[in-house]
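Notes to accompany the following structure.
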Amino acid sequence: MLQVFQQIDAQLRQAMAAAFPEAAAATADQGLDPQLAAASKPEFGDLQANGALALAKPLGQKPRAIAEAIVARLQADPAFTALCLEPQIAGPGFINLTLRPERLAAEVALRLGDPRLGVPLADGPRAGAPAPVIVDFSSPNIAKEMHVGHLRSTIIGDCLARVLEFRGHPVLRLNHVGDWGTQFGMLITHLKQVAPEALNTADAVDLGDLVAFYRQAKQRFDEDPAFQATAREEVVKLQGGDPVSLKAWGLLCEQSRRAFQAIYDRLAIQLSERGESFYNPFLAAVVDDLRSAGLLVVDEGAGCVFLEGVSGKEGKPLPLIVQKSDGGFNYATTDLAAIRYRFAPPPAGDGAARVIYVTDAGQASHFAAVFQVAERAGWIPQGCRVEHVPFGLVQGEDGKKLKTRAGDTVRLKDLLDEAVERAEADLRRRLADEGRQEDEAFIRHAATTVGLAAVKYADLSQNRTTNYQFSFDRMLALQGNTAPYLLYAVVRIAGIARKGGDAANTGTSDEISGLFATKDNPLSFSEPQEWALVRELLRFDAVIAEVEQELLPNRLCTYLFELSQVFNRFYDQVPVLKAPPQARSSRLALCRLCADTLKKGLELLGIPTLERM
């Protein structure tokens, strides 16, 4: 109920200013803050305003007397009394506010059949083309397979992009693929020597071969000085635009790209690839800009920017190297070029308003340094934001980094395969126990949906800043905060709505809302369990706005789990299909809105739902 919250906040500010004009004048720039927040306990109502306590000292009055004066002004405002029951003053001066039942019911009616479920666009109506938000995520390296570490970046980034898009932001989803650098010298040299036929066709080498191929090339590079020298020469050729070297590079990239796309298709991930190579033409300009700004310092032959507030062991500022002593560039240079391009106005850049990087927490210090240099260089316009979204490690159940029994990093493809296989085995056992017969197409579809959903949800439901332990048994459980539990809740609620009448599941927004609520026959609730579900459903827009700002997908997961629990208590304790006609209609409306909210929430997590399980 973001809009209702904003209305009450504005009414409180007006009441405070009217009651205490001298305090309002002293804070003319910022205004008086009512400190409005959700009530800490249900018995305190819906909202709680604590601003009276902050005014006690500057006004030299008791906070309770201040609260009484504010409440008197509120009660004289017809717009406020249309929203809330009489405010209650608690303790030393807390103002507890309870929304009128008829207003809560009306808010539910407004959301019925509304595809946005009451979630407003971020900035309301906007003129012209709004600036995009860039989400940089996934970012695998060419000639290497995606592993479990890429899982977190990929699905966290996808979820954040979905939420931002739902809030109305144009989002540019960028895959900053590692497709350039010195490693390509050794890869191209090895390719030319051991698989020259690959230069004539893109199908001569598949990704599995490329992974082993990379290891072979690396071993030769480490052990053979002649090979190493040739590889370094190949880097120069590649950077100089040698046609044969560029063709070899392109073939290596294309082979990897195909395998990456197979994973993205499987996880329903949409990305625009813009690898490191894209920024090559802009690297020299980065160094020139830093030099012109007086930030570049040559130290032992390398071009550096010394960081402010970041010191080494001897207390000296640490440098960020942007040009090596041999004149070459590095990852920091590329990342600086990316920031410079992304914030630059079109057509010279993307003209972004916000740039979000989703990478592991181990890169936090690197991005902090890059962001600082970009800020000092003036590449981040005023009012724009650049943010690092760090995440922890995926661990095994032993608390150590997740690896195969052989000690290798777990391939993402293998992990997803196993999740689907386990989901299928669980489904077949359950069908056998229930004596149900289902066709193979249903079993495969349900197992794939549940298996992939379980992997995604288990990750997204954790606070991304911490490590988490990967357990197939936990993530595939039908009970607890898991994807199968939520998917089953959607199926169950949809079944109730179907039994209540097909008309409740079809039609336009106005038709559906009118089915359950009219001016002469509005939604009506009387049981505590109904009101608990109403209030939980109406929290959805605030949760989405919170995820948009804080970039924590687990907040949405927690909400969906709590919503399903509140619904189950409602359904277990209050009759729906056997209720009297008016109560039945209102309760079916809650079922419908709950199913729609769970579906939309799961969709924003990148998880499709099922009609039956």
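What you are looking at is a predicted structure, and each value in this text was computed from that prediction instead of being measured.
A cation-pi contact links Arg116 to Phe166, judged by a cut-off of 6.0 Å to the six-membered ring centre and 45° from its axis. Relative to the ring axis of Phe442, Arg612 places its NZ or CZ within 45° and under 6.0 Å from the centre.
Note: Tyr341 and Phe282 have tilted aromatic rings, judged against thresholds of 30 and 60 degrees for the angle between ring planes. Between Tyr559 and Phe540, the two ring planes are tilted [angle within 30° to 60°].
Residues Leu121 and Gly168 approach most closely at CD2-CA, 3.7 Å, considering heavy atoms.
The backbone N or O of Thr609 sits nowhere less than 3.5 Å from a side-chain atom of Lys599 that would complete a donor-acceptor pair. Using a distance-only test at 3.5 Å, with no hydrogens or angles considered, no donor-acceptor pair links the side chain of Ser138 to the main chain of Thr154. A side-chain donor-acceptor contact under 3.5 Å links Asn175 to the backbone of Ser139. Side-chain N or O atoms of Asn330 include one that pairs as donor or acceptor with a backbone N or O of Ile321 at under 3.5 Å. Using modelled atom types, no side-chain atom of Asn141 and backbone atom of Lys144 make a donor-acceptor pair closer than 3.5 Å. Side-chain atoms of Arg162 come within 3.5 Å of backbone atoms of Glu603 as a donor-acceptor pair (strictly under, hydrogens ignored). A distance-only check finds a donor-acceptor pair linking the side chain of His147 to the backbone of Gly149 [under 3.5 Å]. Remark: the backbone N or O of Cys253 is not paired with any side-chain donor or acceptor of Ser256 at under 3.5 angstrom. Counting only distance, with no hydrogens or angles, the side chain of Asp179 and the backbone of Glu276 share a donor-acceptor pair below 3.5 Å. Checking side-chain atoms of Thr333 against main-chain N and O of Phe329 turns up no donor-acceptor pair under 3.5 Å.
Residues Asn481 and Ser461 have side chains that never bring a donor and an acceptor to within less than 3.5 angstrom of each other. For the residue pair Gln261/Asp265, the side-chain donor-acceptor check at 3.5 Å is satisfied. No hydrogens or angles considered: a donor-acceptor pair under 3.5 Å links the side chains of Thr465 and Asn463.
Contact annotation: the side chain of Leu487 never approaches that of Arg492 to less than 4.5 Å [non-hydrogen atoms, C-beta and beyond]. Side-chain contact between Leu271 and Ile269: present, with at least one pair of heavy atoms (C-beta onward) separated by less than 4.5 Å. For the pair Thr482/Met475, no side-chain contact is recorded, criterion being any heavy-atom separation below 4.5 Å from C-beta on. Side-chain contact check for Val450 versus Leu427: every heavy-atom pair is 4.5 Å or farther apart. Annotation: side chain of Val236 is not in contact with side chain of Arg232 (no heavy-atom distance under 4.5 Å). Between Leu610 and Val490, the closest side-chain pair of non-hydrogen atoms is not below 4.5 Å. Annotation: side chain of Ile134 is not in contact with side chain of Ile356 (no heavy-atom distance under 4.5 Å). Residues Ile443 and Leu431 meet the side-chain proximity criterion, which asks for heavy atoms closer than 4.5 Å.
Residue Arg215 places its CZ atom among 12 or fewer non-hydrogen atoms of other residues, nucleotides or ligands, all under 6.0 Å distant. Heavy atoms of other residues, nucleotides or ligands lying less than 6.0 angstrom from NZ of Lys324 number more than 12. Summarising the local packing, CD of Glu562 is surrounded by more than 12 heavy atoms from other residues, nucleotides or ligands at distances under 6.0 Å. Glu438 CD: more than 12 foreign heavy atoms inside a 6.0 Å radius.
The ring of Phe221 has its center no closer than 6.0 angstrom to the ring center of Tyr214. Separation of the Tyr357 and Phe137 ring centroids does not fall under the 6.0 Å cut-off. You'll find the ring centres of Phe470 and Phe472 inside the 6.0 Å limit. For an aromatic pair to be called close, the ring centres must be under 6.0 Å apart, and His176 with Tyr279 satisfies this.
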Run Val358 and Asp136 through side chain to side chain contact (heavy atoms under 4.5 Å, CB included) and show every step you take.
CA-CA 6 Å; Val358 184; Asp136 180 324; over 6 Å; no

Evaluate Val322 against Leu336 for side chain to side chain contact (heavy atoms under 4.5 Å, CB included), listing each step before the verdict.
CA-CA 9 Å; Val322 295; Leu336 286 169; 3.5 Å; yes

Run the side chain to side chain contact (heavy atoms under 4.5 Å, CB included) check on Leu172 and Val135 step by step: do they pass?
CA-CA 6 Å; Leu172 181 55; Val135 184; over 6 Å; no

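Partners of Tyr264 under the ring-ring contact (aromatic ring centres under 6.0 Å, His included) rule, at least two apart in sequence or in another chain, do not exist in this structure.
Look at Glu165 and Arg173 and you find a salt bridge, because one of the NZ, NE, NH1 or NH2 atoms lies within 4.0 Å of a carboxylate O, short of that distance. Between Lys413 and Asp417, at least one side-chain N (NZ, or NE/NH1/NH2) sits under 4.0 Å from a carboxylate O, which counts as a salt bridge. Comment: Arg422 does not engage Asp426 in a salt bridge, judged by the lack of any side-chain N to carboxylate O separation of less than 4.0 angstrom. Ion pairing between Glu424 and Arg444 fails under the 4.0 Å rule for side-chain N and carboxylate O.
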With a cut-off of 3.5 Å and sequence neighbours excluded, list every side-chain donor-acceptor pair involving residues 186-194.
from, atom 1, to, atom 2, distance (Å)
Thr189, OG1, Gly185, O, 2.7
His190, ND1, Arg220, NH1, 3.0
His190, NE2, Gln216, OE1, 3.3
Lys192, NZ, Glu234, OE1, 3.2
Lys192, NZ, Glu234, OE2, 3.3
Gln193, OE1, Arg220, NH1, 3.0
Gln193, OE1, Arg220, NH2, 2.6

Would you tabulate the side-chain donor-acceptor contacts of residues 346-355 under 3.5 Å, counting partners in other chains and residues two or more places apart, or write 'none'?
from, atom 1, to, atom 2, distance (Å)
Asp350, OD1, Arg274, NH2, 3.1
Asp350, OD2, Arg274, NH1, 2.8
Arg354, NE, Glu387, OE2, 2.5
Arg354, NH1, Glu548, O, 3.1
Arg354, NH2, Glu387, OE1, 3.3
Arg354, NH2, Glu387, OE2, 3.3
Arg354, NH2, Glu548, O, 3.2
Arg354, NH2, Gln549, O, 3.4

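Within the model, atoms CD of Gln395 and CD of Gln469 stand 5.5 Å from one another, a figure rounded to the nearest 0.5 Å. Interatomic distance, CG of Leu402 versus CG of Leu415, reported as 7.0 Å (0.5 Å rounding). The CG atom of Leu393 lies 14.0 Å from the NZ atom of Lys400; values are rounded to the nearest 0.5 Å. Between the SG atom of Cys557 and the NZ atom of Lys456 there is a distance of 11.5 Å, given to the nearest 0.5 Å. A distance of 12.5 Å separates OG1 in Thr558 from CG in Leu563, rounded to the nearest 0.5 Å. Distance check, rounded to the nearest 0.5 Å: CE of Met613 to CG of Leu478 gives 5.5 Å.
Of the residues listed (Ile156, Val163, Asp158), the one engaging Leu160 in a side-chain contact (heavy atoms from CB on, under 4.5 Å) is Ile156, and it is the only one. For the side-chain hydrogen bond (donor to acceptor under 3.5 Å, both in side chains) test with Arg152, the passing option among Asp459, Asp360, Thr359 is Asp459; the others fail.
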